[in-house]
Amino acid sequence: MAIKFRTDGKEVKITGEKDMPPMAASLGLMTWNKTGSWRNLRPVIDYDKCIDCFICWKFCPEPAIIIVDERPVIDYDYCKGCMLCAEECPKDAIITEVEGK
Amino acid sequence: MKMTMMGNYAASWGAQLSRVQVIAAYPITPQTLIVEKLSEIVADGELDAEFIKVESEHSAMSGCIGASAAGARAYTATSAQGLALMHEMLHWAALARLPIVLTNVNRAMAPGWSIWADQNDSLSQRDTGLMHIFASSSQDILDSTVLAYKIGEQVLLPTLISFDAFFLSHTMEVVDMPPIEDVDKFLPPYNPEYKLDVNDPRSFGALTSEEHYYEFRYKMQEAMDQAINIIKKEGKEFEKLTGRYYDLIHPYRCEDADLILVTSGTIAETTNVAVDELREEGKKVGNLKIRIIRPYPKQDILNVIKNCKKIAVIDRNISCGYHGIFAQELKSALYNETNIPVWGYLAGIGGRDVKIENIKEIADDTLKSDKPEDLIWKGVKL
Amino acid sequence: MRLTIPEQEIMKPGHLACQGCGATMAMRYGLKVFGRNTVLTIPACCWAVIDGPFPYTAVNVPLFHTAFETAAIMASGIKAGFDALGKTSTNVVAWAGDGGTFDIGMAAISGAAERNDDITYIVYDNEAYMNTGIQRSSATPHGAWTTTTPVKHYKRGPKKNMVEIIAAHRVPYTTTASIGYPEDFIKKLTKAKETRGFKLIHVLAPCPTGWKAEPKYTVKLAKLAVQTNIFPIYEVEDGIKYTQNIKVKQRKPITEYFKYQGRFKHLKDDEIAFIQKKIDEDYEILLKKLS
Ligand SMILES: Cc1ncc(C[n+]2csc(CCOP(=O)(O)OP(=O)(O)O)c2C)c(N)n1
Ligand code: SF4
Ligand code: SF4
Ligand code: SF4
Ligand SMILES: [Mg+2]
């Protein structure tokens with residue numbers, strides 16, 4: 001078992017329980033857990049309509065909306081498809097698609 | 001420096017000599033003097049510590065857990081009802097592997113409000129994962145406090161130091177206070193590898209699946225096993241410093257004894273005197289004082305009792321529905337190992353005085369009897 | 001680019017919260033303000049699960065998981081430990097649910113408030129015991145369904161007023177907030193961070209799972225609670241100075257708030273009228289206290 005994401009970014013090698021701490025002290029971050037697989041609805045930003053108000057970014061609980069080159073970008077690795085961003089977007093710039101279609 | 005002091009103050013000074021950094025405590029008779037004295041010591045600047053005047057014992061132990069997790073040396077003291085209220089957090093301290101030291105003045109549980117000596121309070125905490133010392137003199141209380149930090153901080157286990165209400169807590173005895181410079185040499189500052197640290201952020205105590213929980217228990221047990229050797233090692237170091245040696249058990253005149261009495265707490269001290277008198281009467285009786293019940297010194301006990309013919313355990317406690325707890329523990333240690341018969345006596349419950357003649361009677365009864373019994377209510381009035 | 005809340009993200013994705021979890025939004029905001037020099041303690045509650053199982057964590061600051069009733073004293077103990085070690089600048093934050101605060105943690109929070117321990121206590125209020133499967137707490141509002149207040153015996157009696165209780169301890173700062181108004185919440189987090197002594201932030205954090213609402217409505221509900229006056233936004237300084245931080249010009253009828261939630265679906269008109277009357281009365285009482 002190798003814990004990929006040590007909190008300081010380093011990788012830690014765990015060969016067995018003996019390498020584990022004596023108490024339940026964490027060794028890494030939850031970022032290995034790609035919660036995008038939970039999604040049944042998929043938010044898609046229509047950048048023509050988007051005015052870069054970042055309201056979607058502000059409210060995403062994961063957070064799964066990141067800022068790239070001053071624009072909101074959905075990180076589908078983690079987006080759980082709650083559709084809160086689409087609901088709150090003042091410009092209806094986030095389209096709802098059904099996953100797996 | 002030799003001083004005359006009550007057992008409670010020996011606990012306070014033990015904490016002071018250990019340079020505890022955080023104290024969180026709540027008053028309860030007969031422990032009150034411990035925290036009153038510590039408040040004074042801290043207020044007078046004789047100890048540089050944070051003192052959280054908590055609103056309950058549950059919070060006293062919780063506060064110590066927080067402080068210890070932050071990397072500070074933490075101390076608290078309580079008794080009976082207070083210890084029972086802490087119960088949940090004793091498990092927490094142990095599984096979080098925090099070497100907190102907790103003093104408990106053994107007092108009978110209510111109802112029937114009683115403030116008198118009885119071990120049921122601390123023995124009810126037997127399975128929480130704390131090391132558990134029964135001190136039998138004020139000197140023992142003071143020294144055990146320092147030793148408990150030294151040992152606990154190596155094996156990452158909290159320690160419970162228990163001693164009898166009033167017989168010890170409020171009785172004046174001569175105590176040799178080691179100079180703090182000597183204690184400093186013996187007990188270095190606490191600096192744990194795992195702690196709350198903003199430069200190395202970790203979560204502690206998260207949801208733990210069956211994939212891992214079992215192994216944490218294994219590691220705790222391993223720590224208890226290691227503690228046996230460390231207690232002996234540090235006992236010897238401490239002896240070099242003070243001339244006083246502390247072990248898990250302290251046998252007295254057991255080498256050639258036909259009958260070994262097994263005792264703890266202040267009853268053990270009285271029993272030593274009774275043994276001397278019995279010996280003068282030509283009876284080959286010895287006393288085995290159990291000073292530490294967790295980790296349980298099974299091998300040490302077997303070594304001491306191997307040549308005796310009979311064992312009588314004196315319990316100031318009872319697990320109702322079965323019998324005395326020290327007797328249960330002892331019998332389970334002997335099972336598969338020897339065939340020496342064991343008599344289980346109760347005495348001193350709820351603070352009833354256990355006199356030299358009571359102990360001699362127990363010895364005489366056992367010597368005469370040829371049928372071992374689990375539960376003999378010495379002196380019960382019916 | 002104009003952002004209305006701090007850009008830094010300390011809380012990481014990959015955590016175990018349900019879709020649209022208000023409690024998780026609250027943590028994201030909390031850590032944006034408190035930053036890396038912060039230690040959290042979390043008792044039993046949804047967040048004990050959200051953070052992820054051993055050997056992982058999502059908050060990325062030191063976190064001590066603690067027993068259900070001990071958030072306040074655990075924070076006090078950690079703070080005392082850090083103080084003893086000279087690490088006085090580290091923020092210590094107790095992060096607990098409504099159950100851990102209003103009910104079982106009441107003695108400990110009152111103790112810490114009375115001692116004025118220098119900690120920030122943030123209670124994310126989802127108005128029930130969600131971790132154990134939506135049982136009522138003393139923060140559950142009148143009329144609500146939970147698994148222990150089933151439809152036939154829905155919760156009767158008002159929600160305990162925690163801000164008033166803690167304000168009565170005369171602590172430097174107590175406040176309500178709502179995840180529907182992050183800018184206001186951020187301001188309050190900042191104020192708490194900069195204030196010495198005991199601070200309580202009571203933040204309403206809608207729970208789609210327990211409220212039987214669609215995840216997308218979490219923010220809408222957090223706003224409607226304020227706009228209907230069922231959850232007014234105000235702060236109390238030193239236990240006496242009341243300030244309303246979000247003023248509601250024309251309050252919306254409570255049905256606006258109820259209609260997105262399954263937990264109020266069973267309420268008949270007369271009961272709704274009763275609730276409306278109570279909300280208006282309580283609001284009048286609050287207005288009288290404003291400085
Ligand atoms: C002493 C104790 N009693 C009961 C529980 C079970 N328990 C765990 S979390 C919880 C409810 C938590 O409710 P709340 O504080 O509102 O947080 P939420 O789950 O809603 O986030 C209960 C009852 C416990 N962990 N400890
Ligand atoms: S909320 Fe809508 S308009 Fe605003 S940044 Fe997001 S997508 Fe663009
Ligand atoms: S759908 Fe939900 S999780 Fe996905 S980006 Fe939008 S707000 Fe975030
Ligand atoms: S039950 Fe509610 S509070 Fe708990 S994680 Fe789910 S949405 Fe969040
Ligand atoms: Mg709750």
Side-chain angles (χ1 to χ4, degrees), chain A residues 1 3-9 12 14 17 19-21 23-36 38-41 43 51-67 69-72 75 77-89 94 96, chain C residues 1-29 31-32 36 50-65 179-183 185-186 205-206 208 213-223 260:
Chain A
M1 177 183 193
I3 309 286
K4 288 202 195 73
F5 302 97
R6 186 66 187 89
T7 39
D8 56 13
V12 273
I14 300 286
E17 285 295 332
D19 298 335
M20 291 287 195
M23 74 294 282
S26 69
L27 298 169
L29 291 169
M30 279 300 285
T31 39
W32 60 270
N33 186 30
K34 300 286 165 67
T35 50
W38 301 15
R39 195 172 55 236
N40 45 26
L41 297 176
I51 57 162
D52 301 326
C53 68
F54 295 103
I55 287 176
C56 53
W57 168 83
K58 183 170 77 176
F59 286 124
C60 177
E62 303 312 317
I65 300 181
I66 49 179
I67 302 172
D69 296 334
E70 311 220 333
R71 301 219 79 179
D75 181 350
D77 275 354
Y78 298 109
C79 165
K80 289 176 185 164
C82 69
M83 303 317 292
L84 215 155
C85 49
E87 179 68 25
E88 296 301 322
C89 172
I94 303 180
T96 304
Chain C
M1 186 171 77
R2 210 187 133 261
L3 300 177
T4 55
I5 62 169
E7 188 171 0
Q8 74 163 340
E9 304 285 7
I10 291 181
M11 188 189 88
K12 297 288 179 196
H15 56 71
L16 301 183
C18 313
Q19 296 168 321
C21 172
T24 306
M25 295 169 64
M27 179 65 88
R28 183 179 164 227
Y29 302 142
L31 289 178
K32 276 175 181 288
R36 294 201 175 277
I50 298 170
D51 186 54
F54 170 80
Y56 302 103
T57 177
V59 290
N60 208 13
V61 292
L63 157 61
F64 196 82
H65 287 274
I179 55 101
Y181 296 92
E183 292 80 4
F185 184 31
I186 295 275
E214 283 187 59
K216 67 176 177 187
Y217 291 141
T218 297
V219 169
K220 187 194 276 292
L221 284 168
K223 284 182 173 160
Y260 297 101

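For the numbers below, each heavy atom of this structure counts, side chains included, while hydrogens, waters and symmetry mates do not. A note on names: the letters A, B, ... follow the listed sequences, proteins ahead of strands, and every chain is numbered from 1.
Heavy atoms closer than 4.5 Å to chain C are found in the side chain of A/Glu88, but not in its backbone. With a threshold of 4.5 angstrom between heavy atoms, A/Phe54 approaches chain C through side-chain atoms but not through N, CA, C or O. Interface remark: C/Phe64 contributes no atoms to any contact with chain A (heavy atom separation under 4.5 Å). The parts of A/Glu62 that come within reach of chain C are both its backbone and its side chain, each placing non-hydrogen atoms under 4.5 angstrom from that chain. Contact annotation for A/Lys58: both backbone and side-chain heavy atoms come within less than 4.5 Å of a heavy atom of chain C. For chain A, the nearby parts of C/Met11 are the backbone and the side chain; heavy atoms of each come within less than 4.5 Å. For a residue to count as touching a neighbouring chain, one of its non-hydrogen atoms must lie under 4.5 Å from one of that chain's; by this rule A/Ala86 does not touch chain C. For chain A, no part of C/Glu214 is nearby; none of its heavy atoms comes within less than 4.5 Å. Using a 4.5 Å cut-off between heavy atoms, A/Ile67 touches chain C through its side chain atoms alone. For A/Ala24, the parts sitting under 4.5 Å from any heavy atom of chain C are the backbone and the side chain alike. With a 4.5 angstrom heavy-atom cutoff, C/Pro62 does not touch chain A via any of its atoms.
Here the side chain of C/Tyr217 pairs no donor or acceptor atom with the backbone of C/Pro208 at under 3.5 angstrom. Judged by distance alone, with hydrogens and angles left aside, the side-chain atoms of A/Asp75 form a donor-acceptor pair with the main-chain N or O of A/Asp77 at under 3.5 Å.
In terms of non-hydrogen atom pairs under 4.5 Å with chain A, the most contact-rich of C/Leu16, C/Asp51, C/Val59 is C/Leu16. Most heavy-atom pairs under 4.5 Å with chain A, from the set C/Lys220, C/Met25, C/His15: that is C/His15.
Of all heavy-atom pairs spanning C/Lys32 and C/Ile5, the tightest one is CE-CD1, 3.9 Å. Considering every non-hydrogen atom in both C/Gly14 and A/Asn33, the closest pair reads O-ND2, 2.8 Å. C/Pro215 approaches C/Gln19 most closely through the heavy-atom pair CB-O, 3.5 Å.
One finds the CD1 atom of C/Ile179 at 6.0 Å from the OG1 atom of C/Thr218 (value rounded to the nearest 0.5 Å). C/Thr57 OG1 to A/Met30 CE: the interatomic distance, rounded to the nearest 0.5 Å, is 9.0 Å.
Relative to the ring axis of A/Trp57, C/Arg28 places its NZ or CZ within 45° and under 6.0 Å from the centre.
Using cut-offs of 30° and 60° on the angle between ring planes, the pair A/Trp32 and C/Tyr56 is tilted.
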